[in-house]
Amino acid sequence: MAKSKLALAALVITILVASSLFPASANAAKTLYIGGTMSLTGPYAEDTAAVLAAYEDYAKYVNETKRMAPWRNEKFPANITLEVLWRDDELKAAKALTIYEELKAKGMLLYRISGTPVALALKDRLNEDGFGAPSMGGGPYLITPPGTIFTYYPIWTDDLAAIADWFIGQWKGTRKPRVAYLTNDSGGGRSIEVPEMGAYLKKLGYEFVGSQIVPLVPTTPPTTQLMWLKENKVDLALGVMINAGAQPTIKEAVRLGMGPHLDYKITFGMTASSPLPVFAPAMGEVGNGFVVAGSFPPLDDISIPGIKFCNELQKKYHPSKWVGHIQYVAGMLEAMTQVEALRLALQKMPFEKLTPRQVLEDGFYKIRNLDTGDLSATPLTYGPGKIEGVDAVRVDQLQKGKIIKLGVWPCRHIYKR
Amino acid sequence: MGLRCGTFRENYAQDMAIFRTRLHWGVLFAFLIFLFTCPLFFSDRILTVMTMIGIAIISVHGLNILTGYCGQISIGHVGFMAVGAYTSAILTAKLGWSFWPALPCAGLVAGIAGLIFGLPSLKIKGFYLIMATIAAHFIIIWLILQLYNVTGGPDGLAVLKPKIGSFALNSKASYFYLVMAIACLATSLAINIVRTRAGRAFVAIRDNDLAAEVMGINLWSYKLQAFFIGCVYAGVAGALLVHYYGFASVDQFPFMDSVWYLGMLIVGGMGSTAGAIFGAVSLKLLDELVTIVGPVLSKIVAAQAAASLALITRGLVIILFLIFEPRGLGHRWGMIKAYFRLWPFSHEE
Amino acid sequence: MTFFLQLVVTGFALGMVYALVAIGLVIILKCSNVFNIAQGHFVLIGGYLGYTFLVLFGLPIWATLVMAVVVAIIMGLLIERLTLRPLVGQPELAVIMMTIALATVLEGLATLIWGGEYKTYHGVLPTVTLKLGEISVPPESLIGLIVSIAAVTILMLLFRYTKIGLAMRATAEDLQVVQSVGIRATTVYAASWVIACVVGVIGGILLGGVSGVMIPLAEIGLKAFAVVLLGGVNSIGGAIVAGIILGMLENVAAGYLDPLLPRGGLAQVFPFIVMIIVLFFKPYGLFGLVRIERI
Amino acid sequence: METDRPVKLWIDNLLLSFGGVSALIDVSMNIRDNEILAIIGPNGAGKTALLNCINGFYKPQKGEIYYDGQRITRMRPDKLAKLGIARTFQNIELYAGLSTQDNIMAARHVLMRQNFVTGALFFGWAQKEEIEHRQTVEEIIDLLEIAPIRKKIVGLLPYGMRKRVELARALALEPKILLLDEPMAGMNLEEKEDITRFIIDVFEGQGATYPNTPVLRDGISCIILVEHDMGVVMDIADRIVVLDFGRKIAEGTPAEISTNPEVISAYLGKEK
């Protein structure tokens, strides 16, 4: 009896697997897919959950109104519906590969990138198959050829260049300011350790001291690394950290008396992977003086049209489950980019003949000054050689628990390989 | 090894043969023909899944020899895959070697790394050895990051697809052939290793290392040989993996994957070559299944909850296998075969 | 000099945390001879429980500890009964694989219940900042020290004065003797898992207060393995001493050697390097017993 | 009668202790060619410890062991196995996961040449070698009458059968010296008779019945037997050594030992 149950279970599983392995028959309704691989488990779980929520909301909005955004006049073709297609890749290269093939077989025409391991595994394939893909990360793998992965942040080195620009502008010391990297132990985190970055800092008039590595998610505070900064009289620490790394690091720094307003004067500047609007409420006064470049405007600043739009969508589609994570904005930007690429491609080619390469060449590459309602630092523009959508870096600082915009600096395009 | 009723062996060579009857050979050829015609009627997606399964099979064969046969539990297998992967990547991308000599070199270097980290196995066993292999994983990954000039450190290395003459194995189908050919070769070599002198020594060490030594087996030498062979397999699998990705990066070799390779051994059945294949196939398919089911479930529960069910499912599968089928699918397969073989009359030896 | 002393003091703090996690490992190893890969995941669950009770329910710290201990006891009993007991008598690998599977399930549950999010409760735990001259003593070292001492004292009392404690000590020596005097081995096993869960969960609450909680917090379990190896697998005292030694060594080595290395990051891998060295030269640890093989 | 045969194994003043507890104290003895030497003594007398020293499993603190004039003290067990010292164990130590046939094949290890590379390639040389050794193994299986369990996994066999497989495995090494540690423990009368017969058959050699296997053809040079069953010991041993609390208290022919007062007191307790 137990055996027959076992056999039955095995049969059901086999059928499920088999049915899922073969692509579903072509759908009669005209549906275009957006979305792609998501990392819903693993270190980027919370960020990705917010991104996915934004995708779902935006798809519903476009399907209902056929508009691209309240502030835009273009219309999405009325006979086509959008559907969000996603799979959890656990931020693993091996899984990303089979997921990509599956979604491609399902008829997806574009893709998205959830993080470095996924990007590195898929880069060549995306290029071969002509897929365009916005990316949640901003590592230099985006820049290196072939350039079919797009970012709506500046890439990390440009973020840090903007912070360096700001810091040197307000430096009052008599000696050269001393700068070091305090960055996390991941592909993205270590991607800033390139000679070009060092050269740029030197050019600005910094003295470069060295770099310290902090785990992506530290299990214990990085006291040693912070002590090293203190020992080496560093004035500005630059790096890539996600929130889970930044919070304990800054907390420990404050405990050690390190900060712009504390005994030992040092400023910590991080890239946009450490979203300030999440950091600020959790840290409050403790995070005083923390600088983040390329971040998004906070979700409660409804004077910004894009944020107002995000809030309206959330209220409308899931009033009981509010997504408070700032990466919702990232998801919104990705969804807007993907849908815009589809819309542009549809103008050139009828739905039936659309291929990924056309979405890339007539869609992504043709995006000019996409108005994101100020969700991104500048409107987004992409092209064959231009994968950084924005031209400027917004730099924010946490001051007395409030996010203060320090200004906008142009992208320096540091990383050239 | 039983045979179908009415089949008799007349000499020792026949007794040792794996494929004896016409039926055996027929099934083997049918399977091989099926395998190598797959690209004709399967989509890229299925080929990708099968290619990944093929690479996993190669890797699990190595782990099976080391852990399943020799009893030296390793949770650092992925670290050795990384060694092989980077060896091949450096040889081809930096030194301009062809893929074909680079592949055996990848195996060899990974095997040597295995020897180094296998050295403590002489003095220690059980969880002490597990610790050594875990340490091996992290030290290897750290070293790869340190050797920035050769390995590209965090940036990784772009790797070219293998070429035969001027024909690059770019398509899914051609790489599928490559992986399957190597997987078949790896399987047959593994079968032969475990049924001859070295294989018996491995099992002797696993089942009773003290008696094995008294019976003339040099523990040190054979434990190291097991590490070497196991890591050669890992190295080859790792090299195939990065050439498939087209890129080598430490992120492609996460620690938890080692655990899943062990999981494949458990599900398939330790110390059985067929088990290694069953394990790799079933856990990889399960992985595909839970990935696909996630978004479906997300219509009922939150997306993230749905995704986390994948983790729970995989953990539960291992737990259930450990409790209810500790000898794995390979054993179950043997019983099914035995049932049909003995039908209708029992003929046993 | 300040730099060096600060590294040592911080290392001490780190070591106390390692020791706390390692104690749980050692207890299970001693009593049921199981190497528990999931110990780090008990810490993870502890961190999330701390967040749940402190922030979501707004309970005071003592109530949080009580509630968390209750949850830990239930968790320990369930884990032992449902997953480990069916494996009594199975080979070592099966048991280790079971704890690995357990770790996966716990990780999945944490993602399911708490969304795998980064949760913090900064400022809820008392942050004591001690200053010795220019050196500031991290709070977790004090908390870790206090909790470790408390845990060890309670365990000592338990082992000395209660029947189950005596049985647990005896089980480590000879299972058959214990069974022959009428104590069921399963009771001892269950008790050891409960204690390990409780110790892990308390450690998690403390750690969560310092660095926040997220799935990778479970990786602290891996470092605790190194501590256990150094201290010897059957010595609680050894685990504490080894934890402190390792924490200090790691910090000092990283502080001085990192700048010399092309890419740094030594602290992450240092426990594993120590582990390999220990395995090569003193495989049974500083305080472990060498077993005599019989044939 | 004793002096006319050469000494095969010479044990000289052996001292073995574990952290202060002495297992063997100044034990000396000779084992000569073509004899069965029995070691008897109460539990804990150091009989197994002595065997463990002879095949290198324990390293004695003092004293030496010579085999055919060669010093073999503290040599690795696997090297001693290659020299021709094989043994069985008190608590059966078989490879539980292998079949009977493979257990015996595994002991042919020292006599085989192939390595994992030739083994992996199998066809040709390795296959030929496997077949040769299979022949020998089959002869041993035949002599010990275990053919029906040839392909069975030994972990599932009954106790008596496993003891027999262990003897077969020791023989497959083609040893010059065979150490048997309580081969008859826990057996019923019939099984004991079988094993006794096998020991004598093996010791004496079967000549032309098994022409291809030297050990079966020519017999074994000497057997050291640790056994509690005094009946068996008295029947088959040429000489007996008695150990008590790690010391040798007597040595002699069965007849001498059976009347030795010290032996009787060691076995029955001192009556003073």
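Proteins come first, then strands; the chains are lettered A, B, ... in the order of their sequence lines, and each starts at number 1. None of these values were measured; they are calculated from a predicted model.
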For [X], which atoms come within 4.5 Å of any heavy atom of chain C: side chain, backbone, both, or neither?
X: B:L143; answer: neither
X: B:L129; answer: neither
X: B:F117; answer: side chain

Roughly how far apart are [X] [atom1] and [Y] [atom2], rounded to 0.5 Å?
X: C:T111; Y: B:I312; atom1: OG1; atom2: CD1; answer: 7.5 Å
X: C:F280; Y: B:L119; atom1: CZ; atom2: CG; answer: 4.5 Å
X: B:L122; Y: C:L279; atom1: CG; atom2: CG; answer: 12.5 Å
X: B:I318; Y: C:L102; atom1: CD1; atom2: CG; answer: 12.5 Å

Q.
Measuring only between side-chain heavy atoms, which start at C-beta, is B:M131 closer than 4.5 Å to C:F272?
A. no
Q.
I'd like to check B:L311 versus C:V105 (side-chain heavy atoms, cut-off strictly below 4.5 Å). Are they in contact?
A. no
Could you pull out the closest heavy-atom pair between [X] and [Y], with the gap in Å?
X: C:A101; Y: B:I319; result: CB-CG1, 3.6 Å
X: C:G108; Y: B:S308; result: O-CB, 3.5 Å
X: C:L222; Y: B:F138; result: CD1-CZ, 3.4 Å
X: B:A135; Y: C:I276; result: CB-CG1, 3.7 Å

Counting only heavy atoms closer than 4.5 Å, note whether [X] contacts chain B via side chain, backbone, both or neither.
X: C:I273; answer: both
X: C:L112; answer: both
X: C:L82; answer: backbone
X: C:L106; answer: neither
X: C:M275; answer: side chain
X: C:L229; answer: side chain

Q.
Are there residues of residues 59-78 of chain B whose heavy atoms fall under 4.5 Å of chain C's heavy atoms? If so, which?
A. B:T67, B:I73, B:I75
**Q.** Inter-chain contacts: residues 253-271 of chain B against chain C, heavy atoms under 4.5 Å
**A.** B:F255, B:M256, B:V259, B:W260, B:L262, B:G263, B:I266, B:M270
Q) For B:R327, does the CZ atom have more than 12 heavy-atom neighbours from other residues, nucleotides or ligands under 6.0 Å away? A) no
